[in-house]
Amino acid sequence: MIEARHLRVLRAVASTGSFSAAGRELGCTQPAVSQQMKALESSVGTPLLVRTGREMRLTQAGEALVRHAAGIIAGLTAAEEEVAAIAGLRAGRVRLVSFPSGSSTLVPTALAALRAAHPGTRVFLEEAEPPNSVELLREGDCDVALAFRYEGAAGAEEWDDLVVRPLLTDRLVALVPEGHRLARTEGSLAIGELARESWIAGCPRCRGQLVEVCEGAGFSPRIDFATDDYPAVVGLVGAGLGVAVLPQLAVESVRPRGVRTVALEPAVRREIVALTLPDLAQVPAVAATLDELARAGARQSAAR
């Protein structure tokens, strides 16, 4: 019979490439890892690993077992968490992954409300952009992932295998210096009016969306500065060094000084959601986290 602890060890060996590295990751000794792998191979009746020099390589059977391990472990974790909550042993533990502008806007409000309602629930926060955050969820390395996708974007990621909780719709806005000729624009601004400007690009994912939108308007943006840091983008625009386009949520996550935001036409929106696995959605602590994130999204939308 396959045991969950053996699957966790197998995943660690597969990701690190050796027994000793897996032992360091799991907090146990190299002989302990070796013994558990022998026990697992005995259970399944076939070799799972082949030693190649100083590293380990998965056999075909090992690759198949690793592929199924994330879902198996997620299901077991869901069962453990739900049973523990029902029995009153503990309120729960949630591993949350969010993109940066979500971490500074939606997440604090949601987690403060969650702690007030369920003080025993522990939430561990890490940051990652989609699609990496979604991959962490599918691999069983987090319980909830905040993610986004742009409306109508080519190659938009599919989430059919996940539970999708909509939080809010976020619109791209233009940032121009306060003294810019278009800073006092009433209503919306056609992005083509910025064709001759110097541009400051945001994160690579947003930059790709920017280029696509600009090309749709008949021009390619001249990017003079590139940074993944939203406050730096705002600071560069405020210093009069160029213009930028950022999601509204990203602008709300900083204190924009010396800049003006202007709505863009055609409107470009991204859908912001919280994702989890179907089994994990039944865990009380995860369900409560999703509820609070949805409330935070509703409050953010109402405040605009």
Side-chain angles (χ1 to χ4, degrees), residues 1-98 103 120-145 161-162 275-286 289:
M1 181 175 293
I2 298 175
E3 297 185 27
R5 61 193 177 98
H6 293 158
L7 291 178
R8 292 188 175 96
V9 172
L10 176 63
R11 289 187 66 207
V13 173
S15 64
T16 62
S18 72
F19 286 173
S20 57
R24 288 193 296 271
E25 181 176 299
L26 297 170
C28 60
T29 64
Q30 185 268 349
V33 173
S34 178
Q35 289 174 4
Q36 293 204 44
M37 287 309 308
K38 288 179 181 178
L40 179 57
E41 289 180 327
S42 177
S43 296
V44 298
T46 188
L48 301 174
L49 296 164
V50 176
R51 183 182 295 276
T52 56
R54 295 183 178 181
E55 294 189 345
M56 296 292 178
R57 179 175 57 82
L58 291 171
T59 64
Q60 184 177 359
E63 291 176 351
L65 197 53
V66 168
R67 192 166 58 249
H68 290 285
I72 294 170
I73 292 171
L76 289 172
T77 300
E80 291 169 356
E81 294 286 352
E82 187 169 1
V83 169
I86 292 171
L89 299 177
R90 54 192 171 91
R93 170 185 62 88
V94 179
R95 298 166 299 166
L96 173 64
V97 172
S98 172
S103 298
T121 299
R122 301 180 63 194
V123 179
F124 301 88
L125 174 64
E126 293 185 16
E127 286 193 343
E129 294 274 359
N132 291 340
S133 57
V134 182
E135 189 61 27
L136 287 172
L137 176 64
R138 288 193 171 110
E139 290 179 353
D141 293 322
C142 72
D143 305 310
V144 177
D161 59 322
L162 304 174
L275 304 171
T276 192
L277 296 170
D279 285 334
L280 290 174
Q282 307 304 314
V283 176
V286 172
T289 302

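Values below: all heavy atoms of this structure, side chains included; hydrogens, waters and symmetry mates excluded.
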Test item: Leu40 and Leu10 side chains (from C-beta on) under 4.5 Å apart, heavy atoms
yes
Going by side chain to side chain donor-acceptor pair (under 3.5 Å), name the residues that satisfy it together with Ser98, two or more places apart in sequence or in a different chain.
Ser103
Approximate separation, where rounding is to 0.5 Å, of Thr121 OG1 and Arg93 CZ:
12.0 Å
Which residues pass the side chain to side chain donor-acceptor pair (under 3.5 Å) test with Glu126, sequence neighbours left out?
none
May I ask you to test the Val13-Leu49 pair for a side-chain heavy-atom distance under 4.5 Å?
yes
Would you indicate whether the side-chain heavy atoms of Leu7 and Ile72 approach each other to under 4.5 Å?
yes
Any side-chain to backbone donor/acceptor pair from Arg138 onto Leu162? Under 3.5 Å, distance only.
no
Of all the heavy-atom pairs spanning Leu76 and Ala4, show the shortest one and how long it is.
CD1-CB, 3.2 Å
Kindly say whether Lys38 contributes a backbone atom to a donor-acceptor pair with the side chain of Ser42 at under 3.5 angstrom?
no
One should read off an interatomic distance between Asp143 CG and Leu277 CG, to the nearest 0.5 angstrom, of 8.5 Å
Would you give the length of the straight line joining atom CG of Leu96 to atom CG of Leu137, rounded to the nearest 0.5 angstrom?
10.5 Å
Closest approach of Ala70 and Gly140, non-hydrogen atoms and distance?
CB-N, 4.2 Å
Is the shortest heavy-atom distance from the side chain of Val134 to the side chain of Leu275 under 4.5 Å?
yes
So how far is it from Leu48 CG to Arg57 CZ, rounded to the nearest 0.5 Å?
12.5 Å
Please report the closest heavy-atom contact between Thr59 and Pro47, naming both atoms and the distance.
OG1-O, 2.8 Å
Just to verify, what does Asp141 make a salt bridge (Lys or Arg N to Asp or Glu O under 4.0 Å) with, not counting sequence neighbours?
Arg11
So, taking the atom named CD1 in Ile73 and the one named CD in Glu139, what distance separates them when rounded to the nearest 0.5 Å?
11.0 Å
Which heavy-atom pair separates Val97 from Ala128 by the least distance, and what is that distance?
CG1-CB, 3.6 Å
Could you pull out all donor-acceptor pairs under 3.5 Å where a side-chain atom in residues 60-69 meets a protein atom, sequence neighbours excluded?
none

Could you pull out all donor-acceptor pairs under 3.5 Å where a side-chain atom in residues 25-35 meets a protein atom, sequence neighbours excluded?
residue	atom	partner	partner atom	Å
Thr29	OG1	Ala32	N	3.2

With sequence neighbours left out, write down each residue that passes salt bridge (Lys or Arg N to Asp or Glu O under 4.0 Å) with Arg5, or none if nothing qualifies.
Glu3
